[in-house]
Amino acid sequence: MQAPSVGGIMLPRGNGATVRLSRGASLTDFAEKINANPASLVQVMLNLGEMVTATQSVSDETLQLLADEMNYVVEIVSPEEEDRELLESFDIEFGENEGGEEMLVSRPPVVTVMGHVDHGKTRLLDAIRKTNVVAGEAGGITQHIGAYQVTTQVNDEDRAITFIDTPGHEAFTAMRARGAKSTDIAILVVAANDGVMPQTIEALNHAKAADVPIVVAVNKIDVEGADPTKVRGQLTEYGLVAEEYGGDTMFVDISARQGTNIEQLLEAVVLTADAALDLRANAEQDAQGIAIEAHLDRGRGAVATVLVQRGTLRVGETMVVGDAYGRVRAMLDDKGNNVEEAGPSTPVLVLGLTNVPGAGDNFLVVDEDRTARQIAEKRAARERNAAFAKRTRRVSLEDLDKVLKAGEVQQLNLIIKGDASGSVEALESSLLQLDVGEEVDIRVLHRGVGAVTESDINLASGSDAIVIGFNVRAEGRATQMAEREGVDVRYYSVIYQAIEEIEAALKGMLKPEYEEVELGTAEIREVFKSSKLGNIAGVIIRSGEVRRNTKARLIRDGKVVAENLNIEGLRRFKDDVTEIREGFEGGINLGNFNDIKVDDVIATYEMREKPRG
């Protein structure tokens with residue numbers, strides 16, 4: 001039914017009908033759902049003071065604004081829901097609903113080690129794996145994200161445990177949260193000498209939000225000032241009560257450096273899993289799970305560390321991981337050995353994907369390559385639209401003129417390249433959260449995994465972007481090209497160093513802000529007339545000091561009668577001076593301004609640049 005017009009345009013009215021749209025949808029997508037002409041929706045948005053093209057991906061707020069105007073209820077479909085609908089259209093079910101009880105077999109627990117930076121998470125994983133990862137890491141911070149499987153003996157029975165190794169710096173909050181999604185149990189590492197710290201609480205909240213049981217490893221018990229009892233007391237405030245205090249959380253006092261009580265910690269993990277969780281999965285179905293990490297290997301191409309959550313993954317099968325797909329060419333376990341298949345809770349490195357997927361992307365095995373390609377392409381298109389909507393700067397008609405004024409909003413364009421998708425994603429999210437005011441904006445033009453290439457330099461030179469290489473270098477002729485084009489390429493191996501430098505660059509782009517600083521006040525006691533200089537004020541300095549060539553204002557009976565005056569001359573007796581301090585007398589000449597009277601006050605000030613916080 002045609003409606004009363006919206007802003008003079010005849011359009012169908014929604015009467016409260018619901019329109020389902022994906023994130024990053026365009027006005028054309030909206031128009032298709034309600035049988036309207038996209039051009040008319042562009043006109044409606046103009047009437048609402050927003051300039052949007054018909055095919056541009058728009059933000060959720062813009063879609064909401066349009067829907068409200070036309071009396072529709074817009075429902076933005078979450079990426080997870082959209083993905084489920086996409087898979088349903090291919091008759092694929094993602095989840096643990098395959099097969100009955102008799103098909104389920106027990107699987108090892110998947111564990112994430114969490115805690116405050118420098119409390120010994122990586123050293124604990126070292127002690128567990130008996131390999132040294134810390135030595136090869138910049139700044140002693142975990143830069144790569146992997147997964148490892150170890151075995152321990154509990155009640156004379158060999159039990160496997162899978163560890164997901166997530167980075168420890170606060171920049172990786174998002175990755176840690178994602179790690180918790182695929183985790184059965186969290187080990188919370190707390191240093192016995194430091195106690196509970198901000199990131200300890202943050203990690204604890206992640207684990208609680210994911211509804212994951214926690215085992216507490218009280219580390220550094222061999223260090224001076226260690227007080228494991230204090231740690232137990234502190235964590236009681238956050239709802240983690242030790243078993244010895246009548247609670248249900250297992251605390252194990254360890255020293256990762258000395259290797260003390262590591263076996264007891266692994267036993268505590270297995271016992272907690274047995275007591276609190278029913279860890280079973282169907283090993284017969286097509287494999288499904290999650291990508292822990294992915295990167296570009298020079299010899300092997302795109303490789304991904306995947307954690308099989310259900311089913312069994314075999315060499316030769318076709319899989320889709322996020323927007324990447326391919327036939328599994330080979331699989332390696334955490335020790336680098338070739339394996340033919342991987343069952344539930346087993347982490348493996350997969351070779352044979354078309355491109356590098358994102359850390360945290362779901363994977364699934366499908367029957368045909370064609371199906372895999374279609375799913376991957378649709379996911380890629382969806383990601384692209386959502387990214388465009390997120391990066392589009394909304395410009396309303398009111399502030400268009402402001403934006404068009406040169407330098408109103410300065411933009412720092414970045415291109416981020418890294419060695420692994422988790423690192424790139426974490427670096428991007430940390431940089432986009434930097435906020436130094438509304439005048440400066442960060443825009444990530446491109447992010448990818450692998451070396452800095454000539455096409456990255458081309459893009460940077462065309463858009464005045466800075467290229468950030470995180471644990472990667474420029475390859476081939478890219479370095480010479482960057483020098484020739486004057487492109488700034490920065491290399492980093494520690495993530496917070498990159499964040500600090502970009503923040504400093506942003507602050508450097510801000511226009512200087514000035515504040516007025518009062519220098520001193522002078523009370524006029526007498527007015528002397530000079531044929532050459534005009535009126536000269538005979539003054540006594542009441543506060544501070546008065547300096548030559550500074551700004552001044554004249555105050556009479558408490559009211560400002562003249563602004564923006566200059567102290568052009570300053571005398572003590574017959575001498576010209578540069579300043580007169582509090583309590584002393586002198587003469588002030590205000591240049592061409594002669595309207596001064598006895599008892600007037602001259603207040604002097606200067607404009608100083610404000611330091612940016």
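Worth saying up front: this structure is predicted, and the values here are computed from it rather than measured.
- N535 contributes a side-chain N or O that, together with a main-chain N or O of N594, makes up a donor-acceptor pair within less than 3.5 Å.
- Considering all non-hydrogen atoms of both residues, N219 and S255 come closest at OD1-CA, 3.6 Å.
- Nearest heavy-atom pair across A522 and V546 is CB-CG2, 4.2 Å.
- Counting heavy atoms from C-beta on, the side chains of V189 and M114 never come closer than 4.5 Å.
- Looking at heavy atoms from C-beta onward, Y492 lies out of side-chain contact with L427 at the 4.5 angstrom threshold.
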Chi angles and distances behind the side-chain contact (heavy atoms from CB on, under 4.5 Å) call for I524, V527 = CA-CA 7 Å; I524 300 180; V527 177; 4.1 Å; yes
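- When each of E582, E523, E518, E585 is paired with R542, the salt bridge (charged side-chain N to carboxylate O under 4.0 Å, His left out) condition holds for E523 and for no other.
- For the atom pair L296 CG and D419 CG, the distance stands at 10.5 Å (nearest 0.5 Å).
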Please walk me through it: do V598 and R525 pass side-chain contact (heavy atoms from CB on, under 4.5 Å)?
-> CA-CA 5 Å; V598 174; R525 289 287 188 83; 5.8 Å; no
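- Using modelled atom types, no side-chain atom of Y605 and backbone atom of R553 make a donor-acceptor pair closer than 3.5 Å.
- With a 4.5 Å cut-off on side-chain heavy atoms, V216 and L235 count as touching.
- Side chains of S543 and T521: a donor on one and an acceptor on the other come within 3.5 Å.
- Under the 3.5 Å distance criterion, the side-chain polar atoms of D194 are left unmatched by any main-chain donor or acceptor of A191.
- Remark: the backbone N or O of G591 is paired with a side-chain donor or acceptor of N589 at under 3.5 angstrom.
- Counting non-hydrogen atoms of neighbouring residues, nucleotides and ligands closer than 6.0 angstrom, the CZ atom of F584 reaches no more than 12 such neighbours.
- The minimum heavy-atom distance between L445 and I415, with the atom names listed, is CB-CG1, 4.3 Å.
- No donor-acceptor distance shorter than 3.5 angstrom exists from the side chain of R443 to the backbone of L414, with no hydrogens or angles considered.
- Between V74 and L21, the closest side-chain pair of non-hydrogen atoms falls below 4.5 Å.
- For D595 and R556, the salt-bridge test passes: some basic side-chain N is under 4.0 Å from an acidic carboxylate O.
- Between R547 and E606 there is a salt bridge, with a side-chain nitrogen of the basic residue lying less than 4.0 Å from a carboxylate oxygen of the acidic one.
- Between the side chain of R477 and the backbone N or O of Q480 there is no donor-acceptor pair closer than 3.5 Å.
- In D576, the CG atom is crowded: over 12 heavy atoms of neighbouring residues, nucleotides or ligands sit closer than 6.0 Å.
- Between E475 and R473 there is no salt bridge, since no side-chain N of the basic residue sits under 4.0 Å from a carboxylate O of the acidic one.
- Shown here for I602 and A537, the closest heavy-atom pair between the two residues is CD1-CB, 4.2 Å.
- Distance check: M45 CE to Q56 CD gives 9.5 Å after rounding to the nearest 0.5 Å.
- The two residues V467 and D456 have their closest heavy-atom pair at CG2-O, 4.5 Å.
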side-chain contact (heavy atoms from CB on, under 4.5 Å) between F593 and L554, worked out | CA-CA 10 Å; F593 186 80; L554 190 72; 3.6 Å; yes
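- L63 contributes atom CG, which lies 7.5 Å from atom CG of L27 (distance to the nearest 0.5 angstrom).
- For the atom pair CD of E579 and CG of L519, the computed distance is 10.0 Å after rounding to the nearest 0.5 Å.
- Counting only distance, with no hydrogens or angles, the side chain of D68 and the backbone of L65 share no donor-acceptor pair below 3.5 Å.
- Proximity of I468 to L431: side-chain heavy atoms (C-beta onward) are separated by under 4.5 Å at one or more points.
- Listed here is the closest heavy atom pair of L590 and L565: CD1-CD1, 4.1 Å.
- Inter-residue side-chain proximity for D227 and N193 is flagged as unmet; no heavy-atom pair is nearer than 4.5 Å.
- Side-chain contact between T200 and L204: absent, with no pair of heavy atoms (C-beta onward) separated by less than 4.5 Å.
- In this structure, NZ on K597 lies 9.0 Å from CG on D557, to the nearest 0.5 angstrom.
- The pair R490-E501 counts as a salt bridge, with a side-chain nitrogen and a carboxylate oxygen less than 4.0 angstrom apart.
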Please lay out, stage by stage, how H295 and S421 fare under the test side-chain contact (heavy atoms from CB on, under 4.5 Å).
-> CA-CA 6 Å; H295 65 276; S421 55; over 6 Å; no
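- A heavy-atom distance below 4.5 Å is not found between the side chains of N549 and I567.
- To the nearest 0.5 Å, the span separating CD1 on I457 from CZ on R484 amounts to 10.5 Å.
- Using modelled atom types, one side-chain atom of T236 and one backbone atom of R232 make a donor-acceptor pair closer than 3.5 Å.
- Looking at S430, its side chain does come within 3.5 Å of a backbone N or O of A426 through a donor-acceptor pair.
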